[in-house]
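Fair warning: this is a prediction, and the values are worked out from it, not measured in the lab. To find a chain, count down the sequence lines: A is the first, B the second, and so on, and within it residues start at 1.
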Number of protein chains: 2
Amino acid sequence: MKLSLTDYISITIHQTDLKLTSCVKAMLAPFNLAPEQNLIMMLLWEKDGLTQNEIAEKLDKDKTNITRMLASLEQKGFIKRSMSSNDRRFLHVYLTEEGNKLGDKIIPITESFHRSVVSGITDKELQEVNRILLKIRQNVK
Amino acid sequence: MKLSLTDYISITIHQTDLKLTSCVKAMLAPFNLAPEQNLIMMLLWEKDGLTQNEIAEKLDKDKTNITRMLASLEQKGFIKRSMSSNDRRFLHVYLTEEGNKLGDKIIPITESFHRSVVSGITDKELQEVNRILLKIRQNVK
DNA sequence: TTCAAATAGTTGTTATAACAACTATTTATA
DNA sequence: TATAAATAGTTGTTATAACAACTATTTGAA
């Protein structure tokens, strides 16, 4: 029996992601921060000094895109990149004063967004969804 | 308690989507078809003659992107656009012979991909994930 | 009936993604 | 030690997305 668009779980996932990303984009726009740039900032707010490659690995992204996003974040004044003195191939990424302050404003907003996303969904259901999404990722590895 | 990256269900969804899209892209590349272009083609294989706006609504996408994707599909020879004689604002989209033939090759491939994506996941689990993803979309509407 | 509003589609801009091809630097090995 | 291989990062290209601003056409309302 031929499948229709709504039968494909990958399409449902894709459209859910688009909707979420669109909301996050609007939410972060006043702070001059794009959604993927925010992911990098979230990593750095936890711990900065990471190299570009480390950021790429942690976010499971192509390093070419990390280069460009960091260039943008640096241009906006949220981060600084400095070459490692041990090995001049490495660029370590540090938060600026402004980048640090941004976290105090953004983190409460993203956590509040998360609460609205999962509203009416139990922890058990969330765990189940997490488990199945992981399974899906493994299936197409 | 501060959330870490893996606590955000929206990030998990996003990364799952990226992985899936990346696979689909590689799968369709030999056919000169991009993933989102394929979504349009899937609609048309079900029923062609839709207007651009109808396609945008069905796929829940911005009509500007539909314009560009259709321009690309037309340039590749898979579709034709023809102005409605009743109302010259409407462009109806039709499959070409080549576009039709493409379906016979692609549909079995996407269905086989779907089976590999959901392998080891029960119908009940899939329904549950679908239900919760829908709930999430409604939460951020 | 005429002009404003609504509708369908297009174009320009910015931000991702993925891939190929590239430079610079370091490491490993013959 | 000289050079090939490995590693970190950059640049160019194509395909989405979202939004603003635009044109062309049709509808609606004074």
Side-chain angles (χ1 to χ4, degrees), chain A residues 11 14-41 50-57 59-76 79 81-93 140, chain B residues 11 14-41 50-57 59-76 79 81-93 140:
Chain A
I11 294 178
H14 183 59
Q15 297 193 333
T16 306
D17 177 44
L18 285 180
K19 174 76 95 181
L20 287 167
T21 300
S22 167
C23 288
V24 171
K25 187 180 174 186
M27 188 174 73
L28 296 179
F31 302 96
N32 191 24
L33 201 61
E36 302 295 333
Q37 290 168 11
N38 186 46
L39 292 188
I40 293 180
M41 293 303 284
L50 299 171
T51 66
Q52 299 197 178
N53 246 7
E54 285 171 334
I55 292 172
E57 272 173 28
L59 296 181
D60 196 22
K61 283 184 189 305
D62 192 292
K63 65 185 174 162
T64 63
N65 304 318
I66 298 294
T67 290
R68 279 181 266 244
M69 287 189 266
L70 286 174
S72 172
L73 286 171
E74 186 163 43
Q75 198 248 308
K76 291 173 183 181
I79 61 142
R81 289 182 282 184
S82 74
M83 190 181 279
S84 165
S85 46
N86 300 340
D87 186 332
R88 294 189 301 166
R89 289 172 303 182
F90 289 84
L91 284 179
H92 293 276
V93 180
V140 297
Chain B
I11 294 178
H14 183 59
Q15 296 193 333
T16 306
D17 177 44
L18 285 180
K19 174 75 95 180
L20 286 167
T21 300
S22 165
C23 287
V24 171
K25 187 179 174 188
M27 189 175 73
L28 296 179
F31 301 96
N32 192 23
L33 201 60
E36 303 294 333
Q37 291 169 11
N38 186 46
L39 292 187
I40 294 179
M41 293 302 285
L50 300 171
T51 66
Q52 298 196 180
N53 246 8
E54 286 171 334
I55 292 172
E57 272 172 28
L59 296 181
D60 195 25
K61 284 185 189 303
D62 192 291
K63 64 184 175 162
T64 63
N65 304 318
I66 299 294
T67 290
R68 278 181 265 246
M69 286 188 268
L70 286 173
S72 171
L73 285 171
E74 186 163 43
Q75 198 248 310
K76 290 174 183 180
I79 60 144
R81 289 183 284 185
S82 75
M83 190 181 279
S84 165
S85 45
N86 299 340
D87 187 332
R88 292 190 301 166
R89 288 173 303 183
F90 290 83
L91 284 180
H92 293 276
V93 180
V140 298

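For the residue pair T51(A)/N53(A), the side-chain donor-acceptor check at 3.5 Å is not satisfied.
Considering only heavy atoms from C-beta on, E36(B) stays 4.5 Å or farther from R68(B) through its side chain. When side chains are defined from C-beta on, I55(B) does not count as touching K61(B), because their heavy atoms never get closer than 4.5 Å. Using a 4.5 Å heavy-atom threshold, the side chains of I40(A) and Q37(A) count as separate. Looking at heavy atoms from C-beta onward, L20(A) lies out of side-chain contact with H14(B) at the 4.5 angstrom threshold.
Map S22(A) and K76(B) each onto its nearest nucleotide of DNA chain D; the residue landing nearer the 5' end is K76(B). Mapping N65(B) and K19(B) onto DNA chain C via the closest heavy atom, the residue that lands nearer the 5' end is N65(B). Where D60(B) and R81(A) each meet DNA chain D at their nearest nucleotide, the meeting point lying more 5' is that of R81(A). Nearer the 5' end of DNA chain C, as judged by each residue's closest nucleotide, is the contact made by R68(B), out of T64(A) and R68(B).
With a cutoff of under 4.0 Å to any heavy atom of chain B, the contacted region of DNA chain C is bounded 5' to 3' by dA6(C) to dA18(C).
For the pair A71(B) and R81(B), the tightest heavy-atom approach, listed with the atom from each and the gap, is CA-NH2, 3.6 Å.
Atom OG1 of residue T21(A) and atom CD1 of residue I11(B) lie 10.0 Å apart, to the nearest 0.5 angstrom.
Taken residue by residue, residues 26-40 of chain B places no heavy atom nearer than 4.0 Å to DNA chain C.
At the heavy-atom level, H14(A) lies under 4.0 Å from the strands shown only through sugar-phosphate atoms.
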Check the pair E74(B), V93(B) against side chain to side chain contact (heavy atoms under 4.5 Å, CB included), reporting the backbone distance first and the verdict last.
CA-CA 9 Å; E74(B) 186 163 43; V93(B) 180; over 6 Å; no
